[in-house]
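Some notes on the structure that comes next.
Residue numbers run from 1 in the order of the sequence given.
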Amino acid sequence: MSVKLSLSAALLAATLAGCATTTQYVDQKTDKVAVMGLDYKDFESAANKMVNDMLNSPLMVHPKAAQGGRFVIAMSNITNDTAQRIDTDQLTKKIRVSLLNSGRFVITTAVGLNGPEDAMTAKSRALKGSKMVNQATVKKDGRVIAPDFSLSGKIMQRNNRVDSRTQQVDYYFQLTLTNLDNGLAYWEGEEAIIKRGDNRTVTW
């Protein structure tokens, strides 16, 4: 390699390094950066508002709440109807944690729309009769609690052009709690997050 070519390569590398963005931690309490797509702040906001609405609903109070009664919730299907590749667990996990921490609900992982979230509840009972396992410690049949409610919903996205330079993106978080005893929706909630920005910005 010639000296001239070597110097050019070194100069290019130095230039690229100088333009690189420095990685830094984000203080989530003071972060004001907005993006056109959905980010952690949007999921946090939607989850908090929906949980507060659930907790304020008179239908979501267990009839034996004074004695420590809690409703059991099973996770159903959360549909992603956006242009983004969203793991819907990002929303439901925040809701689950908040509901558990409220002391009024518990989540079953032994029952789910597409099978158990955690198969160990069933597998642990398959140890019955195993010579390796102390049979007195094997979990008994007939002990798993069936869910009272299922949580289902959808995340939607609608793009609209405001003018030649500006677009508006509407995101809707919709959730339903269905009473599995009678099939009726005992709670429904919708939270809208609206963003406006440059028409050239993509949201996927």
Side-chain angles (χ1 to χ4, degrees), residues 20-57 59-60 71 73-102 104-105 107-109 111-118 147-180 183-204:
T21 300
T22 303
T23 301
Q24 58 185 333
Y25 285 102
V26 175
D27 186 341
Q28 298 182 25
K29 295 181 180 179
T30 60
D31 182 20
K32 300 298 183 182
V33 174
V35 297
M36 289 299 290
L38 292 171
D39 67 2
Y40 73 93
K41 297 188 294 297
D42 301 321
F43 285 97
E44 187 78 28
S45 174
N48 288 340
K49 290 178 181 178
M50 288 186 156
V51 166
N52 288 335
D53 194 42
M54 287 183 207
L55 295 178
N56 288 326
S57 171
L59 289 178
M60 299 313 300
F71 285 126
I73 297 177
M75 305 309 299
S76 188
N77 190 42
I78 307 294
T79 303
N80 174 24
D81 186 21
T82 74
Q84 302 171 61
R85 297 183 62 183
I86 295 174
D87 183 352
T88 55
D89 284 347
Q90 189 173 357
L91 173 66
T92 57
K93 178 61 75 174
K94 291 180 180 298
I95 290 175
R96 290 167 59 161
V97 169
S98 296
L99 290 178
L100 279 169
N101 289 341
S102 74
R104 290 171 48 184
F105 301 88
I107 311 296
T108 178
T109 61
V111 179
L113 183 65
N114 299 310
E117 181 179 330
D118 186 347
D148 301 301
F149 289 88
S150 69
L151 180 66
S152 61
K154 179 184 289 189
I155 305 175
M156 303 167 58
Q157 174 182 337
R158 298 294 179 264
N159 289 43
N160 300 286
R161 182 181 292 271
V162 177
D163 54 40
S164 60
R165 294 183 177 182
T166 309
Q167 67 172 317
Q168 176 173 303
V169 184
D170 306 338
Y171 297 101
Y172 300 95
F173 294 80
Q174 301 175 333
L175 291 178
T176 299
L177 277 172
T178 300
N179 185 322
L180 297 176
L184 301 177
Y186 269 39
W187 175 88
E188 288 191 305
E190 178 179 84
E191 288 299 327
I193 293 178
I194 314 300
K195 301 186 178 187
R196 289 178 186 163
D198 196 305
N199 251 335
R200 296 168 296 181
T201 304
V202 296
T203 55
W204 61 83

Inset, instruction - Output, in order, the C-alpha distance, side-chain angles, deciding distance and verdict of side chain to side chain contact (heavy atoms under 4.5 Å, CB included) for R104 and L55. - result: CA-CA 8 Å; R104 290 171 48 184; L55 295 178; 3.8 Å; yes

Inset, instruction - Output, in order, the C-alpha distance, side-chain angles, deciding distance and verdict of side chain to side chain contact (heavy atoms under 4.5 Å, CB included) for F43 and K94. - result: CA-CA 8 Å; F43 285 97; K94 291 180 180 298; 4.1 Å; yes

Inset, instruction - For the pair D81 and I155, evaluate side chain to side chain contact (heavy atoms under 4.5 Å, CB included) and give the outcome as yes or no after the intermediate values. - result: CA-CA 6 Å; D81 186 21; I155 305 175; over 6 Å; no

Legend entry - Chi angles and distances behind the side chain to side chain contact (heavy atoms under 4.5 Å, CB included) call for S152, N77: CA-CA 5 Å; S152 61; N77 190 42; 5.5 Å; no

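Although no hydrogens or angles enter the test, the distance criterion places no donor-acceptor pair under 3.5 Å between the side chain of N56 and the main chain of D53.
In this structure, the side chains of R158 and Q168 stay at 4.5 Å or more apart for every pair of heavy atoms. Using a 4.5 Å heavy-atom threshold, the side chains of I78 and L175 count as touching. Between T176 and K154 there is no side-chain heavy-atom pair separated by less than 4.5 Å. Between V169 and I194, every side-chain heavy-atom pair lies at or beyond the 4.5 Å cut-off. M50 has its side chain within reach of F173: a pair of non-hydrogen atoms, C-beta onward, lies under 4.5 Å apart. Within the 4.5 Å cutoff, side-chain heavy atoms of N159 are placed close to those of Q167. Looking only at side-chain heavy atoms (C-beta outward), N199 and R161 come within less than 4.5 Å of each other. Inter-residue side-chain proximity for L100 and I107 is flagged as met; some heavy-atom pair is nearer than 4.5 Å.
No salt bridge links R196 with D163; every basic N to acidic carboxylate O contact stays at or beyond 4.0 Å. A salt bridge between D170 and K195 is absent, with no side-chain N of the basic residue lying under 4.0 Å from a carboxylate O of the acidic one. Remark: K49 does not engage E44 in a salt bridge, criterion side-chain N to carboxylate O under 4.0 Å.
Shown here for V33 and K41, the closest heavy-atom pair between the two residues is O-NZ, 2.8 Å. Heavy atoms only, all atoms of each residue included: A47 and I95 are closest at CB-CG1, 3.9 Å.
Ring planes of F149 and F71: perpendicular class, angle over 60° (limits at 30 and 60°).
A distance of 12.0 Å separates CG of L151 from CG of L113, quoted to the nearest 0.5 Å. Atom CD of residue Q157 and atom OH of residue Y171 lie 4.0 Å apart, to the nearest 0.5 angstrom. Rounding to the nearest 0.5 angstrom, the gap separating the CG atom in D42 from the CD atom in E191 is 12.0 Å. Atom-to-atom distance recorded for R96:CZ and L91:CG is 11.5 Å, nearest 0.5 angstrom. Atoms CG and OG1, from L180 and T178 in turn, are 7.0 Å apart once rounded to the nearest 0.5 Å. Here the CG atom belonging to D148 is positioned 7.5 Å from the CG atom belonging to N179, to the nearest 0.5 angstrom.
When only modelled atom types and interatomic distance are considered, N80 and T82 share a side-chain donor-acceptor pair under 3.5 Å.
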